[in-house]
Amino acid sequence: MATDRSHLPPSIDPVAARRWAGRPHAASPWLHEEVARRMAERLGVIRLPVQAWAHWEPVRGGLAGHDLVAAHYPGSRCFRVFDGLQQAPDATKKEATGWWRKLVGARASEEAVARPPEASVQLVWANMLAHHAADPAALLADWHRALAVDGFVMFSCLGPDTLKELRGLYARLGWPPPAHEFTDMHDWGDQLVAAGFAEPVMDMELITLTFASPQRLLAELRELGRNLHVGRFGALRSHGWRQRLEAAMDEQLRAPGSGEPLSLSFEVIYGHAVKAPPRHSVKDETAIGLDEMRATLRQRNRNQRSL
């Protein structure tokens, strides 16, 4: 039976996405840490209590950012979610857990898991992760499943204006795109609602990074991720192609006639949403428990008194 892929991002190669997700990361990219710092500043305006939280892919998301969230919720339990632990044998799981402890130091209140227990956390923190998801609906479903009712998700990812200068350069040279397409923030809001979240709040900012040389720019991009586009080059490029790319960058990514650094744009999307109580589906016959009915009536009476 054919699989319905209409809900999947049209430009992401799922095989390449799985390979990138399973790749070990020894350090957090600078840009991810900076975005995590900016996202952590928003925690101060959220008054919802957090007894436990989950950090999806903490090394990719930012180890310094992890510490900022932990400091904001001292005493809270934390689940560090590593996708690679899901299919890993027991020996590999122990190795991964030991590696994490050596990297950031052991905390008694933290546990490495493939998925947190259902409805176990009040906060899901996922920094600069979602734009690499080949199946974002499944990722959002995992977040929703982990959250308790009235818990909230905070996430960030790259938006469609990211690398617009490099995309233009590749197009002028007649090459395939340098990166897969990134989802618009309004579409992320729609997907949050479809996944069962309520009150989604989306916003974005444009960050411009400058680089002294094409070599430094390319090294930074390799730290941030990989080109997952289904139409990317099908094989490794030659040394001559690399030289042509660097020359084109030197010419086209600087301000005309200046010795200014090369610059690239990164659109960063921030999202926040709450897991609302489940709603009763409308059927020919619906069974509702007596205690649940009483709670619903009490809530309705409170709402009427507040009008």
Side-chain angles (χ1 to χ4, degrees), residues 21 24-25 27-28 32-33 35-88 90-130 133 138-157 192 195-201 270-278:
H25 301 269
S28 305
H32 292 197
E33 293 285 19
V35 172
R37 183 189 66 79
R38 299 184 186 200
M39 192 161 68
E41 291 177 347
R42 301 162 182 245
L43 290 173
V45 302
I46 300 175
R47 302 302 180 187
L48 297 173
V50 173
Q51 288 82 41
W53 62 289
H55 190 171
W56 243 258
E57 299 294 342
V59 181
R60 281 197 281 169
L63 298 177
H66 179 92
D67 289 339
L68 290 175
V69 182
H72 192 83
Y73 299 110
S76 296
R77 185 181 183 188
C78 175
F79 294 99
R80 305 182 308 275
V81 183
F82 295 94
D83 184 69
L85 292 183
Q86 194 165 19
Q87 292 85 22
D90 289 340
T92 305
K93 291 179 181 179
K94 292 178 181 178
E95 181 181 351
T97 304
W99 163 80
W100 168 269
R101 290 178 178 271
K102 291 178 182 178
L103 189 62
V104 299
R107 294 189 180 102
S109 60
E110 297 192 350
E111 179 182 356
V113 297
R115 292 291 179 270
E118 185 174 350
S120 61
V121 301
Q122 289 76 41
L123 164 63
V124 164
W125 179 270
N127 183 50
M128 297 292 276
L129 174 69
L139 179 63
L140 268 57
D142 284 339
W143 296 349
H144 192 270
R145 189 180 303 111
L147 283 169
V149 171
D150 293 331
F152 63 102
V153 59
M154 291 193 73
F155 75 99
S156 62
C157 60
L192 285 167
F197 288 95
E199 305 173 25
V201 177
Y270 300 94
H272 165 265
V274 177
K275 179 176 180 176

> Atom OG in S156, atom CE in M128: separation rounded to 0.5 Å?
Replying inline: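 Atom-to-atom, S156:OG and M128:CE are 6.0 Å apart.
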> For the atom pair CG (L129) and NE2 (H32), what is the distance rounded to the nearest 0.5 Å?
Replying inline: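 L129 CG to H32 NE2: 9.0 Å, rounded to 0.5 Å.
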Is there a donor-acceptor contact under 3.5 Å from the side chain of [X] to the main chain of [Y]?
X: E33; Y: L63; answer: yes
X: Q122; Y: A52; answer: yes
X: H272; Y: V201; answer: no
X: D83; Y: E57; answer: no

>> As a quick check of understanding, evaluate ring pair (Phe, Tyr, Trp, His ring centres under 6.0 Å) for F155 and W143, giving each step before the final call.
In response: CA-CA 10 Å; F155 75 99; W143 296 349; 5.4 Å; yes
Determine the minimum heavy-atom distance between [X] and [Y], stating which atoms define it.
X: G61; Y: N127; value: O-ND2, 2.5 Å
X: L147; Y: F152; value: CD2-O, 3.5 Å
X: P116; Y: A54; value: CG-CB, 3.9 Å
X: S28; Y: P58; value: OG-O, 4.2 Å
X: L139; Y: A130; value: CD2-CA, 4.0 Å
X: A146; Y: W56; value: CB-CH2, 4.1 Å

> Pick from R80, E110, H66: which one makes a side chain to side chain donor-acceptor pair (under 3.5 Å) with H55?
Replying inline: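 Single pass found, and it is H66.
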>> Tell me whether the count of non-hydrogen atoms from other residues, nucleotides or ligands lying under 6.0 Å of CD in E41 goes above 12.
In response: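 Count over threshold, so yes.
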> Between H72 and V50, does a side chain to side chain contact (heavy atoms under 4.5 Å, CB included) hold up when you go through it step by step?
Replying inline: CA-CA 10 Å; H72 192 83; V50 173; over 6 Å; no
> Of all residues at least two apart in sequence or in a different chain, which pass the ring-ring contact (aromatic ring centres under 6.0 Å, His included) check with F197?
Replying inline: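 Expected list: H144.
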>> The test is side chain to side chain contact (heavy atoms under 4.5 Å, CB included); show your working for W125 and M39 and say whether it passes.
In response: CA-CA 10 Å; W125 179 270; M39 192 161 68; 3.4 Å; yes
>> Would L123 and V69 count as a side chain to side chain contact (heavy atoms under 4.5 Å, CB included) here? Give the steps.
In response: CA-CA 10 Å; L123 164 63; V69 182; 4.0 Å; yes
>> Side chains of F79 and P117, heavy atoms from C-beta outward: is any pair under 4.5 Å?
In response: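 Yes, their side chains come closer than 4.5 Å.
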